[in-house]
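All values derive from a computational prediction rather than experimental measurement.
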Amino acid sequence: MNRDSPTLPTRVGHAEWGDNRFRGYSVACDLAGRESMAGLLALAIAGRRVDDNERLILDDIATIISVADPRIWLLKLVRLTSAYGGCNAGVAAITVSLENAPIGHHATGTAAELLLDMRRGLLAAGADGEDPDDRVLEEQCRRSLADHRQPFGFWVPFRARDERVEMLAERVAARGRATLPYWRLFAKIADIFWRIDNLRPSAPVAVSAVCLDMGFTPV
């Protein structure tokens with residue numbers, strides 16, 4: 001390879017002489033000392049740099065979902081595998097187990113689709129998407145229950161509520177993000193499902209509301 005080699009197109013990273021670029025930003029001049037791990041992940045996924053408030057809420061999410069819940073079989077599997085095979089075996093176990101699993105990042109994307117469908121239904125009914133009409137929204141929630149019995153993201157096994165949702169709600173309020181459209185929609189849907197069928201939300205649907213308010217997409 002020499003300096004006259006053609007430039008290969010890339011969407012994420014590019015190695016240069018004396019510097020590297022990540023999503024078009026200079027690692028040396030733009031990112032080093034100015035960006036966090038959460039910010040880099042968001043930049044890789046969304047193609048834009050998040051602001052300080054968004055970066056902090058992503059850090060909050062990473063902290064909250066790190067709970068090593070003994071009731072989740074995946075986390076049990078990782079701990080058991082790591083105990084006998086080291087950290088690399090644990091990483092391999094979680095990677096294989098999450099393939100097409102209804103938990104993890106797949107779950108967040110699927111839960112986001114529920115919120116997107118609800119909002120599209122509101123707009124189609126002529127309701128204000130920023131401040132959804134409770135009557136129209138309740139009709140949609142009842143149809144969702146009739147179709148799915150337990151809509152994705154609204155099932156909490158082995159306990160009365162998902163404590164991660166409560167922790168995230170506190171952080172969303174503290175960051176001043178509780179009035180954003182998808183979080184408000186999520187909160188209203190959660191209230192309706194609890195009132196009409198005693199269903200509580202789990203972490204993926206709450207996380208998906210935060211991510212949708214940041215402009216992320218399910219895929």
Side-chain angles (χ1 to χ4, degrees), residues 42 45-46 48 50-51 53-54 56-58 60-65 67 69 72 100-219:
I45 294 169
R48 71 172 180 87
V50 295
D51 61 33
N53 183 272
E54 292 171 319
L56 289 170
I57 196 65
L58 288 175
D60 290 334
I61 290 173
T63 300
I64 289 164
I65 65 174
V67 177
D69 193 328
I72 299 177
N100 295 322
I103 58 177
H105 61 284
H106 294 291
T108 304
T110 305
E113 291 287 0
L114 172 68
L115 296 180
L116 289 169
D117 286 344
M118 290 285 188
R119 191 167 192 212
R120 282 192 289 263
L122 286 169
L123 295 176
D128 184 349
E130 295 299 314
D131 185 18
D133 182 276
D134 288 342
R135 177 185 54 79
V136 176
L137 186 58
E138 180 165 334
E139 291 175 358
Q140 291 186 211
C141 289
R142 290 186 180 277
R143 284 197 299 270
S144 181
L145 286 170
D147 292 340
H148 305 291
R149 184 61 189 89
Q150 286 181 327
F152 197 91
F154 287 86
W155 179 59
V156 182
F158 310 123
R159 59 213 195 270
R161 62 184 68 214
D162 190 333
E163 60 278 3
R164 298 170 299 176
V165 174
E166 296 180 341
M167 288 187 280
L168 182 56
E170 290 180 2
R171 299 315 308 150
V172 167
R175 303 290 182 203
R177 305 183 64 85
T179 59
L180 295 179
Y182 282 102
W183 184 265
R184 291 169 63 193
L185 179 61
F186 154 71
K188 284 181 174 289
I189 292 171
D191 287 342
I192 292 171
F193 278 148
W194 172 247
R195 175 165 50 80
I196 65 179
D197 208 24
N198 293 335
L199 292 179
R200 292 287 192 188
S202 57
V205 68
V207 170
S208 71
V210 175
C211 292
L212 288 171
D213 278 326
M214 294 175 64
F216 293 0
T217 59
V219 294

Task: Taking every non-hydrogen atom, the tightest pair across Val205 and Gly153 - done: CG1-O, 3.4 Å
Task: Any donor-acceptor N/O pair, Asp60 side chain to Leu168 backbone, under 3.5 Å - done: no
- [ ] Grab the two heavy atoms, one from Ala190 and one from Pro201, that are nearest each other, plus how far apart they are.
- [x] CB-CG, 4.0 Å
- [ ] Identify the two heavy atoms, one from Ile192 and one from Asp134, that lie closest to each other, and give their separation to 0.1 Å.
- [x] CD1-O, 4.3 Å
- [ ] State the CZ-CZ distance between Phe193 and Arg142, to the nearest 0.5 angstrom.
- [x] 10.5 Å
- [ ] Measure across Trp183 and Ala206 and return the closest heavy-atom pair with its distance rounded to 0.1 Å.
- [x] CZ3-O, 3.4 Å
Task: Shortest non-hydrogen contact from Ala112 toward Pro218 - done: CB-CG, 4.0 Å
TODO: Check Gly121 against Gln140 and note the closest heavy-atom contact, atom names and distance.
DONE: C-OE1, 3.0 Å
Open item on the list: What's the separation between atom CZ in Phe216 and atom OG1 in Thr108, rounded to the nearest 0.5 Å?
Closed with: 12.0 Å
Task: Nearest-0.5 Å distance that lies between atom CG in Leu212 and atom CG in Leu116 - done: 5.0 Å
Open item on the list: Measuring only between side-chain heavy atoms, which start at C-beta, is Asp117 closer than 4.5 Å to Arg120?
Closed with: yes
Open item on the list: Just to verify, what does Arg48 make a side-chain contact (heavy atoms from CB on, under 4.5 Å) with, not counting sequence neighbours?
Closed with: Ala46, Val50, Glu54, Met214
Task: Ion pair check, Asp213 and Arg177, cut-off under 4.0 Å - done: no
Task: Within-4.5 Å side-chain heavy-atom neighbours: Leu185 and Leu122 - done: yes
TODO: Go through the structure and list residues passing side-chain contact (heavy atoms from CB on, under 4.5 Å) with Glu166, not counting sequence neighbours.
DONE: Arg161
TODO: Without swapping roles, check the side chain of Ser144 against the backbone of Cys141 for a donor-acceptor pair under 3.5 Å.
DONE: no
- [ ] For Asp197, enumerate each residue passing the side-chain contact (heavy atoms from CB on, under 4.5 Å) test, keeping only those at least two apart in sequence or located in another chain.
- [x] Leu145, Arg149, Leu199
Open item on the list: Return the CD1 to CG distance between Ile61 and Leu56, rounded to the nearest 0.5 Å.
Closed with: 11.5 Å
Open item on the list: How long is the straight-line distance from OG1 of Thr110 back to CZ of Phe152, given to the nearest 0.5 Å?
Closed with: 4.5 Å
Open item on the list: Does Trp194, at its CH2 atom, have more than 12 non-hydrogen atoms belonging to other residues, nucleotides or ligands within less than 6.0 Å?
Closed with: yes
TODO: Say whether, by atom type as modelled, one donor and one acceptor occur between the side chain of Asp162 and the main chain of Ala203 under 3.5 angstrom.
DONE: yes
- [ ] Would you give the length of the straight line joining atom CG of Asn53 to atom CZ of Arg175, rounded to the nearest 0.5 angstrom?
- [x] 7.0 Å
- [ ] If the plane angle is over 60° it's perpendicular, under 30° parallel, otherwise tilted; pick one for Phe186 and Phe154.
- [x] tilted
Open item on the list: Quick check: do Arg135 and Glu138 have side-chain heavy atoms less than 4.5 Å from each other?
Closed with: no
